[in-house]
Amino acid sequence: MSALRSLVLGCGSYLPERVVTNAQLSNVVATSDEWIVERTGIRERRIAAEGELTSDLAFAAARRAIEHAGVKAGELDLIVLATTTPDRTFPATAVRVQAMLGITSGAAFDLQAVCSGFVYALAVADGMIRSGQARTVLVIGAETFSRILDWSDRTTSVLFGDGAGAVVMRAEKTNGAANGKDRGILSSHIHSDGNYADLLYVDGGPSSTGTVGRVRMHGREVFRHAVVKLASVVDEALAANGLSRNDIDWLVPHQANKRILDGTARKLGLSESRVVVTVERHANTSAASIPLALDEAVRDGRIRAGHLLLLEAMGGGFTWGASLVRW
Ligand code: ACO
C-alpha cells in the first residue's frame, strides 16, 4: 500500500546583525557574565534592529531554505509559521511572508506554541502532507522575543534572543509499511498541559489587557518540568518507531539553557559531541531555536543524508514535543 510522507528538501536560517554580550547586559540589569554563563551557558544573543520585524527575519530564513531546497517559491502550497512575537495581532505573520515571497496561492497561517512552536509546526505540516492537503510546505520558526522582554527583569531578560529558521518539506510517495530507514519525518509527538500556564507567560494580550505584555517566568519550576517532560516525550517518539537511544545520530534540541540540554543528553546516554548546541551564541530564540541549530549543523556538514535526528522542545503552556527525522 502506498502512503505519503514528508521529505525535508532543505533548510535556512537568519540572525539579526546586532550582537549583545552578557557584559553589555550587565550595564542594563544587575547581572554578570559569570552568573549567566554558569546558570545557562549563554554568552551572547542577537537582537533585531529597530524596525526589523519577525516577518523580516522569517523571510530571510525562508529565502535561504527555498534556495537550499532547490524549489521555486511558487511551488509552495502551505506556509506554517511558528511565532510568539507576530508583527501584528492580525493578520498572521505567515501571510506577510507569503506576500514577501510573491506567492498568491495556497495557504499560510501562524501557530502559537511558544518555544515548542517549531515541533508543533512540523507536526501540523507533516499531518497535512500525509493527508494529501499540502504538497510543498515551508515551515518557519521566527521570533523577535526581545520585544516582549522586561529589560528591567534580570531573571528573564538575559535568557532570550531573536532569530529565524525554516525548512522546506515535500510529499513523497512511499511503498509499503512505514520504516525507520525511510528519509523524512518519521513521527511527531506533541503535548500540552494548561495547568502550568502561570509558570511561564506574558502578562498581556489583546483580550485581557489590550497591551502586548512582558514575559514572566518561575525559572526553577520550568527547569524541573522541562527535564522530566522532555525525557518522557523522547522515549515516546523512539518507542513509536521501534528505535532506541543508540540509533540517534544528532539531538537537535530547543536551545533554552545549556543545563537543560546537558540533562536531556545525559538521560539519553548521548555524548555531548552528538548534541547540536547554539545556546551560547543565540540564547533562547523560542520557536526559532531548533531550525537555527539544524541549519547550522547541516551547513557545516555535521548532519548528513541518512542521519537520524531527534528534535525536542518545551515551552510556555506548558507545551512540549519531539520529532524524529531521517535526514
Ligand atoms: N543575574 C544575577 N543574578 C540573578 C539573575 C541574573 N540574570 N537572575 C536571577 N538571579 C538571582 C536571583 O535573584 C536569585 O537571587 P536570591 O537567591 O538572592 O533571590 C538567585 O540568582 C538564584 O535564582 P534562581 O531563579 O533560583 O536561579 P536558578 O539557579 O534557578 O537559575 C534560571 C535561573 C537560569 C532561569 C533557571 O531556573 C533556568 O534555566 N530555568 C529554565 C527556564 C528556561 O529556560 N526558560 C525558557 C523558556 S522555557 C524553555 O524554553 C524550556
Side-chain angles (χ1 to χ4, degrees), residues 20-45 82-85 112-120 141 143 145-146 148-163 165 190-194 196-203 213-234 251-265 267 275 277-280 282-293 311-322:
V20 174
T21 63
N22 291 346
Q24 285 169 298
L25 275 188
S26 68
N27 296 323
V28 181
V29 283
T31 189
S32 66
D33 181 53
E34 296 72 37
W35 192 96
I36 301 172
V37 172
E38 192 193 311
R39 307 282 177 129
T40 72
I42 298 166
R43 293 181 185 278
E44 60 186 43
R45 71 283 296 140
T83 190
T84 303
T85 46
Q112 157 65 296
V114 206
C115 298
S116 311
F118 189 75
V119 172
Y120 265 64
E143 303 278 15
F145 221 84
S146 61
I148 55 166
L149 294 175
D150 174 353
W151 287 100
S152 67
D153 176 7
R154 66 177 183 177
T155 68
T156 51
S157 60
V158 304
L159 301 175
F160 297 91
D162 301 336
I190 54 174
H191 296 275
S192 64
D193 185 344
Y196 297 109
D198 291 339
L199 294 181
L200 175 54
Y201 63 101
V202 163
D203 62 3
R214 296 287 174 255
V215 174
R216 308 291 169 208
M217 178 174 73
H218 298 274
R220 201 160 269 210
E221 288 292 295
V222 174
F223 191 104
R224 199 167 57 80
H225 282 284
V227 177
V228 175
K229 290 185 164 47
L230 290 172
S232 144
V233 76
V234 159
L251 175 63
V252 189
H254 166 52
Q255 312 278 322
N257 179 315
K258 183 72 165 56
R259 283 154 64 212
I260 297 178
L261 302 192
D262 291 345
T264 310
K267 275 210 156 99
V275 185
V277 180
T278 56
V279 70
E280 74 279 13
H282 301 173
N284 182 345
T285 57
S286 183
S289 88
I290 290 178
L292 270 162
L311 282 40
E312 47 85 338
M314 145 135 179
F318 288 143
T319 54
W320 66 102

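Counting starts at 1 for both ligands and their atoms, following the listed order.
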With backbone taken as N, CA, C and O and side chain as the heavy atoms from C-beta onward, which portion of T31 lies under 4.0 Å from ligand 1: side chain, backbone, both, or neither?
->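 The answer is both.
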
Do ligand 1 and [X] have nitrogen or oxygen atoms that lie under 3.5 Å from each other?
X    : answer
T40  : no
R220 : yes
G219 : yes

For residues 217-229, which residue pairs qualify under salt bridge (Lys or Arg N to Asp or Glu O under 4.0 Å), counting only residues two or more places apart or in two chains?
->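 Passing the test, one end in residues 217-229: E221-R224.
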
List every atom of ligand 1 that sits less than 4.0 Å from any heavy atom of [X], numbering the atoms from 1 in the order shown and giving each element.
X    : value
C115 : 50 (O)
M314 : 49 (C), 50 (O), 51 (C)
V158 : 7 (N)

On the 0 to 90° scale, with breaks at 30° and 60°, tag the F160-F145 ring pair as parallel, tilted or perpendicular.
->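 Parallel: the ring planes of F160 and F145 meet at under 30°.
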
Aromatic rings F318 and H225: how do their planes relate, parallel, tilted or perpendicular, breaks at 30° and 60°?
->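 If you compare the ring of F318 with that of H225, the planes turn out tilted.
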
Identify the protein heavy atom lying closest to [atom], giving its residue, its atom name and the separation to 0.1 Å.
atom                    : result
atom 48 (S) of ligand 1 : L200 CD2, 3.4 Å
atom 27 (O) of ligand 1 : R39 NH1, 3.2 Å
atom 46 (C) of ligand 1 : N284 ND2, 3.3 Å
atom 44 (O) of ligand 1 : A256 CB, 3.6 Å
atom 39 (O) of ligand 1 : N257 ND2, 2.4 Å
atom 33 (C) of ligand 1 : W35 CH2, 3.8 Å

Would you compute the distance between atom [atom1] of [X] and atom [atom2] of [Y] and round it to the nearest 0.5 angstrom?
X    : Y    : atom1 : atom2 : value
D153 : M217 : CG    : CE    : 8.5 Å
S286 : D162 : OG    : CG    : 10.5 Å
L292 : T278 : CG    : OG1   : 6.5 Å
S116 : L311 : OG    : CG    : 12.0 Å

Please indicate, with yes or no, if any protein heavy atom is found under 4.0 Å from [atom]?
atom                    : value
atom 37 (O) of ligand 1 : yes
atom 2 (C) of ligand 1  : yes
atom 17 (O) of ligand 1 : no

Check each of H218, M217, H254 against atom 43 (C) of ligand 1 and report the one with the nearest heavy atom.
->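 Going through H218, M217, H254 one by one, M217 has the nearest heavy atom to atom 43 (C) of ligand 1.
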
Which option out of E38, K229, R154 puts a heavy atom nearest to atom 11 (C) of ligand 1?
->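 Heavy atom nearest to atom 11 (C) of ligand 1 belongs to R154.
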
Do any heavy atoms of A30 fall under 4.0 Å from ligand 1?
->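 Distance cut 4.0 Å: A30 passes for ligand 1.
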
Tell me yes or no: between the side chains of T40 and N257, is some donor less than 3.5 Å from an acceptor?
->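 No.
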
In terms of side-chain geometry, is the basic nitrogen of D150 or R216 positioned less than 4.0 Å from the acidic oxygen of its partner?
->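 A salt bridge is present here (some side-chain N lies under 4.0 Å from a carboxylate O).
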
Does some side-chain heavy atom of V227 sit less than 4.5 Å from a side-chain heavy atom of T264?
->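 The answer is no; the side chains never approach within 4.5 Å.
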
Among R45, E143, H254, find the one that has a side-chain contact (heavy atoms from CB on, under 4.5 Å) with N284.
->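 Among the candidates, only H254 passes.
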
Take atom CZ of R43 as the centre, draw a 6.0 Å sphere, and report whether it contains more than 12 heavy atoms from other residues, nucleotides or ligands.
->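 No, not enclosed.
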
